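As structure tokens, the structure follows; a few thoughts come after it.
Every value quoted in this text rests on a predicted model; they were computed, and no experiment measured them. All chains are named by letter (A, B, ...) in the order of the sequence lines, taking the proteins before the strands, and each is independently numbered beginning at 1.
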Amino acid sequence: MQNVFAELTWRRLINQTTDDQHLPKWLNEKPRTVYAGFDPTADSLHVGHLMALMILRRFQQAGHRPIAVVGGATGMIGDPSGKSEERKLLSVETLNANVAGMEKQLRRFLDFDCGDRSALLVNNYDWMGRFGYLEFLRDIGKHFPVNVMLTKDSVKNRLDRDDAGLSYTEFSYMLLQAYDFVHLNAEFDCEIQVGGSDQWGNITAGIDLARRLRGVQLYGMTCPLLTKSDGSKMGKTESGALWLDPNKTSPYHFYQYWINLEDADVDKCLRFFTDLAEDRIRTVVAEHRAAPEKRSGQRTLAAELTRLVHGADGLRAAEKATEIFFGAEISDLDDGQLSAIFADVPSKELPRQRLEDEGLWIADALVEAGLAKSKGEARRTIEQGGAYVNNRRIESVETRLTAGDLASRSVMVLRSGKKRYALLRFAD
RNA sequence: GGGGGGUUUCCCGAGCGGUCAAAGGGGUCAGACUGUAAAUCUGAUGGCGUAGCCUUCGCAGGUUCGAAUCCUGCACCCCCCA
């Protein structure tokens, strides 16, 4: 049994608990069962889920048993917490697909095969789906005074707004989550729930319900919201959320997000998201402060987190891609590796025959690849020294490309400027 | 209904018979610098294998050796008077 409370404290993962006095001791007494919920709003987890996930992970590492609950039922309703508008309902098929996608990813963070403290993965649809409406109102609804519900932040905030209402459906959300906690307590002896700070109301609702229905005392703990030093949301890119699914966000982009993190957020993220020990983090941060231009903090963070989410192979791919995207000459790579590295880069297929005889004029190649709108533009780029083939600068507008300029069997990597890439594939 | 002003290249905006592919600014694209940031500086910015040619200045005609620039008609926008 390790002291998980102390661990979470130095990692600054505790925002609020239902019992600061007794919780640390209570957690050290014996292995406890802890749960966190994940709403299946998409077919992949994203960085926003990472906080709760890492907390479960640390509980397990300390010797406790984590339960990840995917909200097949609650996801059908939509949690109003932290949301400014009524959400649209997802179809049952979408929900099922989403639940399946998230399950796969959860396995990376939690150990599902280690004896007593093996993680559990459950779907609340399995117990909520069977409930009849009348039954639910009699057995559960009866215990929720509306005046108490109305004081919850998630409800109050929505009612205070002039531009968004709150449907009866979403209003009922907290009853479902409260019942989840009670069910998990009865079924798995789960006694503590963790979640983001916006989950406080839902968690305490569950604790109240458990006391009334079962006469037991449960606990709750929230972590801080994940925001950047400038106040914006962490894990948001111009193209949307930062997903954990490599098909939605490539390991390279995932890695790059952390490499580009503000200096001010590095310490915090190392504590939140890596398994590194406290003194190691202190060392990394100290080194980083001494020479911020080296980005050693970001590098450590990016490497640790990418390895955790995408595995050692994913990290290697991301590092290789980084090296190449920042100008390393391209050589010794085959078609498959290049396709993987440049997965998000536009590509165009041309007949191999274009490389024969005279070869392919470099300006035509840039236009074909979409890096220039006209040959004139291509010509200018070349004249200004901004055109590259396989990351080698093209010196002359007269350059013609032949089979010898292929980076691999059939791929040629074109680049305009610092980082606009495109591939040309030459089919037989 | 009457009078006046406008419509320019991706955007704003100059041009008011040839030296206009059209000033200037913004944007964009390159280059330098840099910590994969911002700022700054430099260059480029209709098309075409380009000492040249072709297409652009609301639309259609016309005057002229020559029109973004002058004339006529049409369309749309703005302002003033009624």
Side-chain angles (χ1 to χ4, degrees), chain A residues 227-239 242 249-270 284-306 315 317-330 341-346 350 354-402 413-422:
Chain A
T227 52
K228 294 204 287 188
S229 54
D230 63 5
S232 64
K233 228 176 184 169
M234 179 93 69
K236 283 279 175 205
T237 65
E238 311 91 67
S239 46
L242 199 63
T249 299
S250 71
Y252 166 73
H253 282 297
F254 184 83
Y255 179 86
Q256 280 294 319
Y257 180 85
W258 303 106
I259 287 286
N260 282 310
L261 201 68
E262 308 278 328
D263 293 342
D265 293 317
V266 167
D267 183 23
K268 179 167 68 181
C269 287
L270 283 167
V284 170
V285 170
E287 277 170 16
H288 179 245
R289 294 236 166 86
E293 72 281 3
K294 286 187 180 150
R295 289 175 184 260
S296 57
Q298 282 95 336
R299 279 176 217 284
T300 306
L301 173 66
E304 288 294 319
L305 202 40
T306 305
L315 173 60
E319 285 174 336
K320 184 71 188 166
T322 294
E323 198 182 298
I324 284 173
F325 275 115
F326 287 89
E329 197 169 307
I330 296 166
I341 290 169
F342 293 102
D344 322 293
V345 154
L350 295 176
R354 297 277 299 268
L355 293 173
E356 287 161 11
D357 305 321
E358 291 275 85
L360 177 63
W361 184 33
I362 179 67
D364 282 327
L366 289 173
V367 173
E368 292 280 14
L371 292 178
K373 285 196 278 296
S374 67
K375 277 179 240 182
E377 190 182 309
R379 180 185 279 275
R380 270 178 249 127
T381 302
I382 300 160
E383 279 166 353
Q384 293 179 123
Y388 300 78
V389 172
N390 303 330
N391 276 343
R392 253 197 347 270
R393 182 179 266 176
I394 294 300
E395 304 293 345
S396 160
V397 188
E398 302 305 322
T399 302
R400 308 196 73 90
L401 302 169
T402 62
V413 182
L414 271 62
R415 178 180 135 208
S416 165
K418 285 205 168 41
K419 50 181 104 170
R420 286 173 60 220
Y421 281 89

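The partner of B/A75 is B/U7, by the rule that a Watson-Crick or G-U pair needs both atom distances under 3.5 Å. Look at B/U45: its Watson-Crick or wobble partner, with both distances under 3.5 angstrom, is B/G27. If you check B/G1 for Watson-Crick or wobble pairing at under 3.5 angstrom, you find it paired to B/C81. In this structure, B/U63 forms no base pair with any nucleotide, since neither Watson-Crick nor G-U wobble geometry is met with both distances under 3.5 Å.
Comparing the P positions of B/C16 and B/A60 gives a spacing of 25 Å, expressed to the nearest Å. Taking the C1' atom of each, B/A14 and B/G62 are spaced 28 Å apart, rounded to whole Å. Nucleotides B/G6 and B/C70 place their P atoms 10 Å apart, quoted to the nearest Å. B/U34 and B/U56: their C1' atoms are spaced 41 Å apart (whole Å). If you take atom C1' in B/U69 and the same atom in B/A21, they sit 16 Å apart, rounded to whole Å. To the nearest whole angstrom, the two P atoms, one in B/G46 and one in B/U40, are 24 Å apart. Spacing between B/U63 and B/U9 at atom C1', rounded to whole Å, works out to 27 Å. With both ends at atom P, the span from B/U19 to B/C74 equals 32 Å, rounded to whole Å.
Shown here are the salt bridge (charged side-chain N to carboxylate O under 4.0 Å, His left out) partners of A/Lys320, two or more places apart in sequence or in another chain: A/Glu323. Residues passing the side-chain contact (heavy atoms from CB on, under 4.5 Å) test with A/Thr322, sequence neighbours excluded: A/Tyr252, A/Tyr255, A/Gln256, A/Phe326. Annotation: salt bridge (charged side-chain N to carboxylate O under 4.0 Å, His left out) contacts of A/Glu329 (sequence neighbours excluded): A/Arg392. Under the rule for a side chain to side chain donor-acceptor pair (under 3.5 Å), A/Tyr257 has no partner lying at least two apart in sequence or in another chain. Taking the side-chain contact (heavy atoms from CB on, under 4.5 Å) definition, one finds that A/Val284 meets it with A/Leu270, A/Arg280, A/Thr300, sequence neighbours left out.
Note on residues 257-267 of chain A: pairs passing salt bridge (Lys or Arg N to Asp or Glu O under 4.0 Å), not counting sequence neighbours, are A/Arg12-A/Asp267, A/Asp265-A/Lys268, A/Asp267-A/Arg271. For residues 284-303 of chain A, there are no salt bridge (Lys or Arg N to Asp or Glu O under 4.0 Å) pairs, not counting sequence neighbours. Sorted pairs that involve residues 376-386 of chain A and meet side chain to side chain donor-acceptor pair (under 3.5 Å), not counting sequence neighbours, are lacking altogether.
Across all their heavy atoms, A/Thr402 and A/Gly359 have their closest contact at CG2-CA, 4.2 Å.
The residue A/Thr322 sits close to a base: some heavy atom pair falls under 4.0 Å. Residue contacts for A/Gln256: at a heavy-atom cut-off of 4.0 Å it reaches a base atom on one of the strands shown. Nucleic acid contact class of A/Arg393 (heavy atoms, under 4.0 Å, all strands): sugar-phosphate only. Among the heavy atoms of the strands, none lies under 4.0 Å from A/Lys294.
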Show your reasoning for whether side chain to side chain donor-acceptor pair (under 3.5 Å) applies to A/Tyr421 and A/Asn391. CA-CA 10 Å; A/Tyr421 281 89; A/Asn391 276 343; 3.0 Å; yes
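No donor-acceptor distance shorter than 3.5 angstrom exists from the side chain of A/Gln298 to the backbone of A/Trp258, with no hydrogens or angles considered. A distance-only check finds no donor-acceptor pair linking the side chain of A/Arg420 to the backbone of A/Arg415 [under 3.5 Å].
Side-chain contact between A/Leu401 and A/Ile362 is present, with heavy atoms from C-beta onward closer than 4.5 Å. The side-chain heavy atoms of A/Phe254 and A/Leu305, taken from C-beta on, include a pair separated by under 4.5 Å. Within the 4.5 Å cutoff, no side-chain heavy atoms of A/Pro251 are placed close to those of A/Leu315.
Between A/Phe326 and A/Ser374, it is A/Phe326 whose nearest contact on RNA chain B lies nearer the 5' terminus. Each of A/Asp364 and A/Lys419 was assigned the nucleotide of RNA chain B with the nearest heavy atom; the assignment lying further toward the 5' end belongs to A/Lys419.
Scanning RNA chain B 5' to 3' for nucleotides with an atom closer than 4.0 angstrom to a non-hydrogen atom of chain A gives a first and last hit of B/C29 to B/U50.
Against RNA chain B, the stretch residues 257-270 of chain A makes heavy-atom approaches under 4.0 Å through A/Ile259, A/Asn260, A/Asp263. Within residues 297-305 of chain A, the residues that place at least one heavy atom under 4.0 Å from RNA chain B are, in residue-number order, A/Gln298. Looking at residues 378-385 of chain A, you'll see A/Arg379, A/Arg380, A/Gln384, A/Gly385 sit with a heavy atom under 4.0 Å from some atom of RNA chain B.
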